[in-house]
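In listed order, ligands and their atoms are each counted from 1.
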Amino acid sequence: MSLDTASQPTADRPVTALAELRAQLTLEEKVRLLVGAGLWDTTAIDRIGLRSVLVSDGPAGVRGVDESGRETSASFPAPSALAATWDVDLADEVGAAFASEARRHGVDVVLAPQVNLQRTPVGGRHFECYSEDPVLTGEIAVHVVRAAQDRGVGMCVKHFVANDSETERTSYLSRVDERTLREVYLAPFERLVHEAQAWSVMGAYSGIDDGTTAAPALEHRPLLTGVLKDEWGFDGVVVSDWVATKSVAAALEGGLDLQMPGPDGVWGDGLLDAVRTGLVDEALVDEKVDRVLLMAQRVGALQGHEPAGRLRDEVFAVDVPAVLRRLVARSMVVLRDDEHALPVAADTVSRIALVGPNAVSPFVQGGGSAYVRPDRTSTPADALAAAFGAEVTVHAGAVSRMLPPQLDLAGRCRTPDGATGALVEVLDADGAVIDSRVVTQWHGWLREPAEHAASVRIRTTVALTEPGHHEVGVGTVGRHRIEVGGQVLSTGEKVVGAEVILDSSVNAPAPAVLTIEVTEPTTVLVDALVQAVHPVGYASFARAELVHRTPGTSPDELLAAAVEAAAAADLAVVVVGTNEEIESEGYDRTSLALPGTQDQMVKEILAANPRTIVVVNAGAPVLLPWLDEVPCVVWAWLGGQEWPEALGDVLAGRTEPSGRLPWTLPANETDVPVPHAVPVDGVIDYHEGVHVGYRSWLRLDRTPAAPFGHGLGWTAWEHDSATATLAADGGLTVDVTVCNTGPRAGREVVQVYVEPPAGSPSGDRPVRWLGGFAVVHAEPGERTTVPVRVDAQAFRTWDTARSGWVTPPGTYRIRVGRSSSDLRHTVEVSHPGSSATDADSSSGTTARP
Ligand code: BGC
């Protein structure tokens, strides 16, 4: 990366109306504009008609900015589900739904989409990403962002860049060579700047070592300023990830524009002084203020300045739940359906056994900042009963959650004074009680204890009535002392601060647990002293997971009941999956196996009733060791609030599950090319280079359980022919004729892959990569021709020595098919190529329509 293209101060550019506005501001005001006013808002300056710009997460809905926890939102399917539709029209609808939800919540900028790549299947935020492929990711994201911004709502594309896993997420350095960055990890961001004019980009927690500069992402001047702003012409705002800013001068000069949250933190405390003492140049501050003002103008936060959205009045016309229901139904991927079990004719089922831990408690959203409190919840049992008019019985069949559930304060607990619930006392540093309350509901957090609170003490007596094993305990973070039944189970002296918000310990603190064997009803006292945490920007909190596992039914008993029900039913629908303990921001997975006893459950239900459909309720890949034995398996994602009804639509034949995998499904753990992302001495080495996802599987000649792009739908397709025409710009149009040879109307995803000219150095260019795709709908027997566009960029490779794109000339093989491995036609195209000095690739800028 070259540094010599750094931003010039705005003074060198033509004076605009916004620059004139900026000229009216004092230095103090300008600095305040570069630091959040609070957790989700920027600073307002009334005298220039500037109100706060409100921002909100995130990729699976718009959570809103009310921190009371009462605000509800439409809960979208996890983004991988949208990518699995490969449908840019649906991506437009999702963009419109984001705009509608944002307006409903008074939000100006949505902190989404996440266009990091699924480099490893264990990545904790895998479900939040679209795909392991940069072309699919970029294409879907461009449509989402354009559609939202056309309606006047900004999108904040995240996390720039190479922030693809969670372990040590605030400190690791991703070591990625320049070519890999350009061709793979920067590629979606580049398209979002050029094709969607994204109004803001979020800089990552992690850092990047591109071979020339190793620095935290927010301080990486060659990438943030050199590439994003100067080379690509990004005119929006670079926002820090929350509490990610580590320096004043290095981040300011690196390219960060807006520190979030505020008003304190590194910039809040130090930026003004740094300008006053000449440590940083005021011209840099001005350039950033112009960006913040432009974003404010675009979203309509600046009086007297025309906003950018053209369709503001239409924003509420979107029927968001209907869009989400159609989206999640279509996104479901039929992994196999040997006996054409789908759809299920309603008149063939009067009794359905619905089995599995995720049938009882579906997991419809991953954990972390993507979580929204859903507008509505429903159950698969009710949805299937409605879809089929059948009797549906529900059976857990297996155990999959490892942590004990929440303690039932209202049902079995008393305070020391005998009242129902727990006594919660907030203490100052001397141990004096400054606040006290009795609670009958506790969801793991005490929000906003006083600023001078040092700790929180929780006391309750738990009634243990059922004979057998009970587990009672508390999980927390920071300094603590946990006592249960008079035994000190855990103590800790480490005082934690803002950083704790960002790692897994807050999301899932492992509880210290006492196991008690009960023969006669008894009680046990829980006495927990936990730290009050005062993080920068976020509200103060105390964290305590109060847990209790009752003796309950054993896994064997659960399974036996489910098997009996399956045997007596016309149809068994088994819902297996992950849960909130497994898929979340803040930590990566440690195993790809389905948790608990689910694999055994699948086998036994199938043995009891051969008419079994298995539904996988997970975001990221899990191993399905029984995949070859079960005749019908559907991958059903983390589907958001409409998931149960959408499942009913798919099984009962209302909507085709026409999804195709946006990633590779491994058959076993040892085959996975990038099996983990654990930093070594703080560094994650992107050793596979440009061979991300399926490209590595192909290069290593390994066979997954299902390849990238796979999905059967519920009809059959023939690909009759493919012809390719090279365009003057170096791109390609591939006309593909397909025929729906099956019994039902359906949707086919025509996929076009590019293979390099023979003789390309092995290990250099991938074996094959996605060039373009299109979705086509056809009635039974209908034959249709669809043009698939392959951009000129698909042929280019980054020439590091010359800092530019080149297209090696030669004969490329264009492979057309139904997945990255199911290829039906090959067309050879002789490409004239181009070099880094040609017009289309000079200065490293990609020319795009
Ligand atoms: C996440 C971001 C998110 C932000 C605000 C961070 O922890 O990495 O994706 O937008 O929090 O919630």
Side-chain angles (χ1 to χ4, degrees), residues 36-42 53-67 69 71 73 76 78-79 98 101-102 105 107-117 123-130 141 145 154-172 174 189 198-207 216-218 237-246 256 258-262 265 365-373 445 497-508 533 535-539 541 583-588 677:
L39 193 46
W40 308 116
D41 51 347
T42 63
V53 172
L54 261 68
V55 305
S56 174
D57 287 306
V62 180
R63 193 170 59 242
V65 296
D66 168 19
E67 284 298 297
E71 192 170 7
S73 309
F76 293 17
F98 269 122
E101 280 293 289
H105 291 280
V107 164
D108 301 297
V109 177
V110 183
L111 304 174
Q114 177 162 343
V115 295
N116 299 119
L117 296 186
R125 301 183 82 168
H126 195 284
F127 67 91
E128 277 188 64
C129 304
Y130 287 128
V145 171
M155 299 299 280
C156 181
V157 181
K158 60 193 190 183
H159 308 86
F160 193 85
V161 61
N163 178 223
D164 307 295
S165 50
E166 293 295 278
T167 306
E168 298 176 23
R169 70 170 177 161
T170 58
S171 60
Y172 71 74
S174 295
F189 288 98
W199 297 348
S200 76
V201 163
M202 186 187 294
Y205 287 123
S206 46
L218 297 177
V237 175
V238 173
V239 182
S240 70
D241 201 341
W242 266 234
V243 203
T245 311
K246 296 178 179 133
L256 175 63
L258 174 62
Q259 177 212 282
M260 288 300 289
Q365 317 185 43
S369 59
Y371 185 84
V372 304
R373 181 183 280 254
W445 305 76
E499 75 289 349
V500 78
I501 278 255
L502 310 175
D503 70 23
S504 59
S505 56
V506 171
N507 299 327
V533 184
V536 171
Y538 288 87
F541 65 87
E583 292 195 64
S584 174
E585 176 181 339
Y587 47 92
D588 295 318

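- Note that OG of S200 is 9.5 Å distant from CE of M155, once rounded to the nearest 0.5 Å.
- Within the structure, the closest approach of E128 to ligand 1 does not fall below 4.0 Å when heavy atoms are considered.
- Contact atoms of ligand 1 toward R169: 7 (O), 8 (O) (distance under 4.0 Å to a heavy atom of the residue).
- D241 OD1, 3.0 Å is the protein heavy atom nearest to atom 6 (C) of ligand 1.
- For the pair L54 and W40, the minimum side-chain heavy-atom distance is 4.5 Å or more.
- With contacts defined as side-chain heavy-atom distances shorter than 4.5 Å, the pair E585/Q114 does not qualify.
- The closest side-chain heavy-atom distance from V65 to D41 is not below 4.5 Å.
- The side-chain heavy atoms of V157 and F189, taken from C-beta on, include a pair separated by under 4.5 Å.
- Proximity of W40 to ligand 1 is established by a heavy-atom distance of less than 4.0 Å.
- A heavy-atom distance below 4.5 Å is found between the side chains of W242 and M202.
- Neither the backbone nor the side chain of Q114 comes within contact range of ligand 1; no heavy atom lies under 4.0 Å.
- Interface of R125 with ligand 1, defined as ligand atoms under 4.0 Å from a residue heavy atom, comprises 1 (C), 2 (C), 8 (O), 9 (O).
- For ligand 1, the polar-atom distance check finds no N/O of W242 at less than 3.5 Å from any of the ligand's N/O atoms.
- Atom numbering of ligand 1 starts at 1 in the shown order; those under 4.0 Å from a heavy atom of H159 are 2 (C), 8 (O), 9 (O).
- No side-chain heavy atom of C129 sits under 4.5 Å from any side-chain heavy atom of L117.
- The K158 neighbourhood of ligand 1 comprises atoms 2 (C), 3 (C), 9 (O), 10 (O), with distances under 4.0 Å to a heavy atom of that residue.
- Polar contact with ligand 1: present for D57 (N/O pair, distance under 3.5 Å).
- The ligand atoms of ligand 1 that sit less than 4.0 angstrom from a heavy atom of S369 are 1 (C), 2 (C), 3 (C), 9 (O), 12 (O).
- A 4.5 Å side-chain heavy-atom check between R125 and S369 finds at least one atom pair inside the cut-off.
- Taking 4.5 Å as the limit, some side-chain heavy atom of D57 sits within range of a side-chain heavy atom of K158.
- For M260, the heavy-atom gap to ligand 1 stays at 4.0 angstrom or more.
- Close contacts between ligand 1 and L111 involve ligand atoms 10 (O) [criterion: under 4.0 Å to a heavy atom].
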